[in-house]
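Single-structure report; data block below.
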Amino acid sequence: MEYVNYDNLKVTAATEIQNNLREKILIQPRTCPVNVIAGTDISFNKFSTTVYAGIILLRFPELTPIGYSLVKKEVHFPYVPGYLAFREVPALMDAWEQLPLKPDLLVVDGHGIAHPRRMGVASHFGVLANAPTIGCAKKVLCGQYEEPAPAQGSHSPLIFKNEAVGAVLRTKNAVKSVFVSPGHQMDVESALDIVTQCIGRYRIPEPTRLAHHLVNQFRLGEINEGYKDLS
DNA sequence: GCGACAG
DNA sequence: ATCTTGTCGC
């Protein structure tokens, strides 16, 4: 597929890209060891076309930060449910290319295959970066599920069109669940296992939570663009 | 037509 | 997503 800039795409063209990229998604048990895991997120000011993207690297399973990559970019593709990748992936790819070392796996904010066309932002990024990814979202996009039991660690399958596309996970006692789904080079069971191991003290698993904090600091001018080594 | 709708 | 105010609980 030839290079296309997402900024001037119409939704119908974006759908076509998703339908093409979908064939490249690999759903399989994760086999490679995970020593370094990453969290990704985007921050922006309402009504602004500037997005602040970040990828934070954490040692696994300790979850201690070892570095981060920050990039600022202009985006013009609007937010349309089901097309989040067209706003986030370009900036994330820049942040990815800036990393001096690549993580073994990334936890992306948003869904993976738990998507109307099985091409959520985590799958989209995973295919383009050719890296294992997991989608971790705070809200459902599509599919049916039973609410997991109130106890931390409880989970239930997320079903879409008669297929288990992800899992609903209770990360802490009596808090709202999060939605986990494979992005690329991953399956539901592996994704659930990894995210469960990423639970720290808060509702949002550490990779995503720290990435969110990072890009927010970046947007507010508290830290600068570029790669920073923390090890 | 109606309801749902990641960030 | 971001912004804001208020409340609950350790």
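Convention: sequence-line order gives letters A, B, ...; per-chain numbering from 1. This one's a predicted model, so the numbers in the text were calculated from it and none came from an experiment.
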If you look at every strand shown and take non-hydrogen atoms under 4.0 Å, does H212(A) touch a base, only sugar-phosphate, or nothing?
sugar-phosphate
Would you call R30(A) and E189(A) a salt bridge, using N to O less than 4.0 angstrom?
no
CA sep, side-chain torsions, deciding dist, call: Y83(A), H124(A), ring pair (Phe, Tyr, Trp, His ring centres under 6.0 Å):
CA-CA 10 Å; Y83(A) 299 86; H124(A) 196 128; over 10 Å; no
With a 4.0 angstrom cut-off to heavy atoms of chain A, pull out the first and last contacting nucleotide of DNA chain C, in 5'-to-3' order.
dA1(C) to dC3(C)
Report, as yes or no, whether the 6.0 Å neighbourhood of atom CD on Q144(A) holds more than 12 heavy atoms from other residues, nucleotides or ligands.
no
Evaluate the criterion side chain to side chain contact (heavy atoms under 4.5 Å, CB included) for residue pair K172(A) and I199(A); output intermediate values, then yes/no.
CA-CA 8 Å; K172(A) 304 302 284 184; I199(A) 298 175; 4.1 Å; yes
Drop me the distance from R209(A)'s CZ to D41(A)'s CG, to the nearest 0.5 angstrom.
12.5 Å
Show the numbers, then the answer: is there a ring pair (Phe, Tyr, Trp, His ring centres under 6.0 Å) between Y52(A) and F218(A)?
CA-CA 7 Å; Y52(A) 300 80; F218(A) 179 31; 5.2 Å; yes
Classify every nucleotide of nucleotides 1-7 of chain B by which part a protein heavy atom approaches to under 4.0 Å, writing B for the base, S for the sugar-phosphate alone and - for neither, in 5'-to-3' order.
----BBB
Using a strict 4.0 Å threshold on nitrogen-to-oxygen distance, state whether E206(A) and R201(A) make a salt bridge.
no
Exceeds 12 heavy-atom contacts within 6.0 angstrom, atom CD of E222(A):
yes
